[in-house]
Engineer: 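Let me give you the structure first, and then I'll get to my questions.
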Amino acid sequence: MSFAIVHFIVGFVSILAVLWLLSVTRFRLTGAYFGGIWALLPDAEKIFDGSFGELVSDVHHSSVADLFFFHNTLDQESFRAANIELTFLALSVLGIALLLFDWRFGRRSPSVSVFESSVDTDDNHG
């Protein structure tokens, strides 16, 4: 399970970084989410049976899987041996990416006084 998280985060953060550089103004996080899903597609062999499952399995165990954000490379034994370290690193990178995203694209809320809402625009309160 933890290595699926690594695959997802690699896809998520990669697409988020690309969308950060583009002039896309909406759906950056949605695009990043689909990048994470794309990175997990070679693992669909664990879900599907029959000929489609075999096709996905063939893709998963070939170099073509690297088109899914280096899926095949990350599944190599040298990376699998560092499962806990890679999971910790991936979660740290995800946290940093989300903080940077929030600092760059987050909106500031107007200040709220004690008895007023931030959406009140009427100067006469009574």
Side-chain angles (χ1 to χ4, degrees):
M1 175 63 186
S2 62
F3 222 77
I5 291 169
V6 172
H7 287 303
F8 180 84
I9 291 173
V10 168
F12 185 96
V13 171
S14 297
I15 293 296
L16 188 63
V18 169
L19 293 177
W20 178 299
L21 298 173
L22 299 176
S23 62
V24 177
T25 57
R26 293 189 59 182
F27 305 116
R28 285 185 186 98
L29 290 176
T30 304
Y33 172 78
F34 284 120
I37 296 299
W38 178 260
L40 289 174
L41 287 179
D43 284 333
E45 69 172 338
K46 297 174 177 94
I47 299 170
F48 297 110
D49 292 333
S51 61
F52 186 71
E54 290 176 17
L55 174 67
V56 174
S57 178
D58 291 343
V59 169
H60 182 265
H61 299 293
S62 71
S63 61
V64 174
D66 278 340
L67 295 173
F68 299 87
F69 297 103
F70 309 107
H71 194 102
N72 187 41
T73 301
L74 289 172
D75 277 348
Q76 298 303 316
E77 190 59 38
S78 58
F79 287 103
R80 287 276 179 185
N83 188 9
I84 294 172
E85 294 85 354
L86 280 177
T87 302
F88 176 78
L89 178 65
L91 288 170
S92 299
V93 168
L94 176 66
I96 291 168
L98 291 175
L99 282 173
L100 291 173
F101 180 84
D102 189 38
W103 287 338
R104 172 66 175 91
F105 299 108
R107 298 195 177 174
R108 297 174 196 246
S109 299
S111 61
V112 178
S113 67
V114 176
F115 295 106
E116 295 178 17
S117 146
S118 65
V119 296
D120 285 341
T121 57
D122 184 29
D123 290 331
N124 299 331
H125 298 294

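For reference, positions follow the sequence shown, starting with 1. Heavy atoms only: backbone and side chains are in, while hydrogens, waters and symmetry mates are out.
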Engineer: Checking side-chain contact (heavy atoms from CB on, under 4.5 Å) for the pair L19/F27: CA distance, chi angles, key distance, verdict?
Structural biologist: CA-CA 9 Å; L19 293 177; F27 305 116; over 6 Å; no
Engineer: When rounded to the nearest 0.5 angstrom, what distance separates OG in S14 from CZ in F70?
Structural biologist: 7.0 Å
Engineer: Between CD1 of I15 and CG of L29, what distance do you get to the nearest 0.5 Å?
Structural biologist: 12.5 Å
Engineer: As an exercise, state the distance from CG of L89 to CD1 of I9, rounded to the nearest 0.5 Å.
Structural biologist: 9.5 Å
Engineer: Any side-chain donor paired with an acceptor under 3.5 Å for H61 and D75?
Structural biologist: no
Engineer: Measuring from atom CH2 of W20 to atom CG of L100, what distance do you get when rounded to the nearest 0.5 angstrom?
Structural biologist: 5.0 Å
Engineer: Does L98 offer a backbone N or O that forms a donor-acceptor pair with the side chain of W103 under 3.5 Å?
Structural biologist: no
Engineer: Taking atom types as modelled and ignoring hydrogens, do the side chains of S63 and N72 form a donor-acceptor contact shorter than 3.5 angstrom?
Structural biologist: no
Engineer: Do V93 and I96 have side-chain heavy atoms sitting under 4.5 Å apart?
Structural biologist: no
Engineer: Tell me if the CZ atom of F101 is crowded by more than 12 foreign heavy atoms within 6.0 Å.
Structural biologist: yes
Engineer: Quick check: closest heavy atoms across A44 and V56, and the distance to 0.1 Å?
Structural biologist: C-CG1, 3.9 Å
Engineer: So, for F79 and L74, which heavy atoms are closest and what is the spacing to 0.1 Å?
Structural biologist: CB-O, 3.3 Å
Engineer: The criterion is side-chain hydrogen bond (donor to acceptor under 3.5 Å, both in side chains); which residues satisfy it with T30, sequence neighbours excluded?
Structural biologist: none
Engineer: Do H71 and D66 have side-chain N/O donor and acceptor atoms under 3.5 Å apart?
Structural biologist: no
Engineer: Kindly write out the residues that satisfy side-chain hydrogen bond (donor to acceptor under 3.5 Å, both in side chains) with S62, not counting sequence neighbours, or none if the list is empty.
Structural biologist: none
Engineer: Applying the 4.5 Å side-chain criterion to the ILVMFWY set and letting contacts propagate, would F105 and L99 be lumped into a single cluster?
Structural biologist: no
Engineer: About how many Å separate CG of L41 and CD1 of I47, when rounded to the nearest 0.5 Å?
Structural biologist: 9.5 Å
Engineer: For D58, give me all partners under side-chain hydrogen bond (donor to acceptor under 3.5 Å, both in side chains), at least two apart in sequence or on another chain.
Structural biologist: none
Engineer: Nearest 0.5 Å please: distance from the NE2 atom of H60 over to the CG atom of D43.
Structural biologist: 4.0 Å
Engineer: Are F88 and F12 connected in a single hydrophobic cluster, I mean Ile/Leu/Val/Met/Phe/Trp/Tyr linked by side-chain heavy atoms less than 4.5 Å apart?
Structural biologist: no
Engineer: Report yes if the side chains of H7 and F69 come closer than 4.5 Å at any heavy-atom pair, otherwise no.
Structural biologist: no
